[in-house]
Amino acid sequence: MKTKTDATSIQKLVSKLLKWYGLNYRELPWRATKDPYKIWLSEIILQQTRVAQGLSYYLKFVKHYPTIDAFAGAPIDDILKLWQGLGYYSRARNMHKCANQIIKEMNGQFPDNYTDLIQLIGIGKYTAGALASICYDEPVPAIDGNAYRVYSRLFEIYSDISIGSTFKEFFELGLSIVPSQNAGDFNQAIMELGATICLPTNPKCNTCPLNNHCVARSKKVQNLLPVKSKKIKVKNRYFDYLVFIHEGHLALHKRKSQDIWQGLYDFLLFESDKDRKSSIFDILKSSEWGHVELIASSEEYKHILTHQKLHINFHVVQVTESKDFKLICQDNKLEAVHLSDLESLAVPKPVERFLYQELSEMYNFQT
DNA sequence: AATGCGGGGCG
DNA sequence: CGCCCAGCATT
């Protein structure tokens, strides 16, 4: 009795998959190179990010920083500015740290195997597998969201992929399948299949090159897999921003705490448990800012994150008389930034929207 | 093992 | 709206 995990059956599966990939792969820029730096860059950008969203960022970064030396030598603020809008900014900060570590401690030589790669900051089990296989053809699996979906359906695996121990199960399965040659193409083919055919809902089984191998399909349970129990609960947060403006300068704040948007710029922030804005006016009255005038309050900006729903109001406060605006900014841990210098600073998405959709019209500055 | 971290696109 | 996306670090 043959099983679906017979060596012969697996060999056929791999062969079909590689053939399909060779004919159907999308021509993406990071697939036209073997430069580990560029593959690395693409993998970090594509963490929890669709190709369509990350592609333009990849092109920008390769253009600005063609080598790991250029990337490592750049100021982190410049890198964050290029990363602006992509989200998960720790990816950029970690990659910058890592690049400098490679330059300083590894003589600029990128690690060339799974074990060394996974030691690096920002490189976990998936990315180490992807880099080892794609750059060096090391026969290790690369288990990402696509791989979970494809493998769970091919072999009808109901293990909960939210549980940590399930990764090991899929990694071992992948290890038993990944061919000793063309490991990189194999892993990319699995992911490509997951991204274009084996979709989360309504997979295109009719055109799937592996449909004859798929146990889930034979039992019509594709849409039940993979099993993922974890539910994300969304927390509401209420932000009031005071946007001080004085003689063409804005009072900006660089975010540093363990919170969202670390390293990006916003304004003086007051957060409250619910929709309560009375405190704003108290702050203004008892302020050391000099003569202040509340010019306008924005409509509420709703900004959805994976785990938070932000309710943001921007309050534009004109400082008409001030003894020393910059000094008062410093006292409040703010920086006075001229409107013409805004474009060089990384800002969160809702701040970007406010600046360039509302404030730019009020004060008529260029974006 | 559980939680926090962005933003966008899809049905 | 809910779910997912070439995940990782921290606790």
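Just so it is clear: chains get the letters A, B, ... in the order the sequence lines come, proteins before strands, and each one is counted from 1.
Checked against the 6.0 Å centroid criterion, the rings of A:Tyr89 and A:Trp261 do not qualify as a close aromatic pair. Taking the ring centroids of A:His253 and A:Phe267, they lie at or beyond the 6.0 Å cut-off. Between A:Tyr57 and A:Trp83, the distance separating the two ring centers is not shorter than 6.0 angstrom. Aromatic pair A:Phe110/A:Tyr37: ring centres not closer than 6.0 Å.
For B:dG6, the base has a donor-acceptor partner in the side chain of A:Thr49 [N/O atoms by modelled type, under 3.5 angstrom].
Using a 4.0 Å heavy-atom distance criterion, A:Leu86 is classed as a base contact. Among the protein residues, A:Asn187 comes within range of no part of the nucleic acid, since none of its heavy atoms lies under 4.0 Å from any strand. At the heavy-atom level, A:Gly54 lies nowhere under 4.0 Å from the strands shown. Within 4.0 Å (heavy atoms only), A:Ile123 reaches sugar-phosphate atoms of the nucleic acid but no base atom. A:Trp30 comes within 4.0 angstrom of a nucleotide base, judged by non-hydrogen atoms across all strands. Using a 4.0 Å heavy-atom distance criterion, A:Arg93 is classed as making no nucleic acid contact. Residue A:Gln308 is in sugar-phosphate contact alone, with no base atom involved, counting any heavy-atom pair closer than 4.0 Å across all strands shown. In this structure, A:Thr127 reaches the sugar-phosphate backbone alone: every heavy-atom distance under 4.0 Å involves primed, P, OP1 or OP2 atoms, never a base. Residue A:Thr201 is out of contact with every strand shown, counting any heavy-atom pair closer than 4.0 Å. Among the protein residues, A:Leu120 comes within range of the sugar-phosphate backbone only, with heavy atoms under 4.0 Å from sugar or phosphate atoms but none that close to a base.
Nucleotides C:dA6 and B:dG4 are separated by 24 Å at their P atoms, to the nearest Å. Between the P atoms of B:dG6 and C:dT10, the separation comes to 14 Å (whole Å).
Look at CD1 on A:Ile304: it is 15 Å from P on B:dG9, rounded to the nearest Å. Going from atom CD1 of A:Ile45 over to atom P of B:dG6 covers 16 Å, rounded to whole Å. For A:Tyr88 and B:dC5, the OH to P distance is 9 Å, given to the nearest whole Å. When the P atom of B:dG6 is taken as reference, atom CG of A:Leu80 falls 11 Å away, rounded to whole Å. Between the P atom of B:dC5 and the CH2 atom of A:Trp261 lies a distance of 11 Å, rounded to the nearest Å. B:dA2 atom P lies 15 Å from atom NZ of A:Lys228, rounded to whole Å. What separates CZ of A:Arg91 from P of B:dG6 is a distance of 9 Å, to the nearest Å. In this structure, NE2 of A:His303 is placed 12 Å from P of B:dC5, rounded to the nearest angstrom.
Both A:Pro350 and A:Gly164 lie near DNA chain B, and the one whose nearest nucleotide falls closer to the 5' end is A:Gly164. Closest-nucleotide positions on DNA chain B for A:Pro348 and A:Ile163 were compared, and the one nearer the 5' end corresponds to A:Ile163. In this structure, A:Ile232 and A:Lys125 both approach DNA chain C, and ranking their closest nucleotides by distance from the 5' end singles out A:Ile232. Residue order along DNA chain C, read from the 5' end via each residue's closest nucleotide, puts A:Lys309 first among A:Pro200 and A:Lys309.
Considering only side-chain N and O atoms, A:His307 lies under 4.0 angstrom from the phosphate OP1 or OP2 of B:dC5. In this model, the phosphate group of B:dG9 is not approached by any side-chain N or O of A:Gln53 to a distance below 4.0 Å at OP1 or OP2. The phosphate of B:dA1 (OP1 or OP2) has no side-chain N or O of A:Lys230 nearer than 4.0 angstrom.
Ring geometry for A:Phe239 against A:Tyr241 counts as perpendicular: the plane angle is over 60°, on a 0 to 90° scale with 30° as the lower cut.
Note that the first and last nucleotides of DNA chain C, 5' to 3', having any atom under 4.0 angstrom from a heavy atom of chain A are C:dC4 to C:dA9.
Panel note: side chain A:His246, backbone A:Val319; a donor-acceptor pair is recorded below 3.5 Å.
Side chains of A:Glu293 and A:Val317 form no contact here, defined as non-hydrogen atoms less than 4.5 Å apart.
Relative to the six-membered ring of A:Phe171, A:Lys125 misses at least one condition, a distance below 6.0 Å or an angle of at most 45° to the axis.
Side-chain proximity of A:Lys349 to B:dG6, B:dG8, B:dA1: nearest is B:dG8.
Here A:Asp259 pairs with A:Arg255 in a salt bridge; the nearest charged N to carboxylate O distance falls below 4.0 Å.
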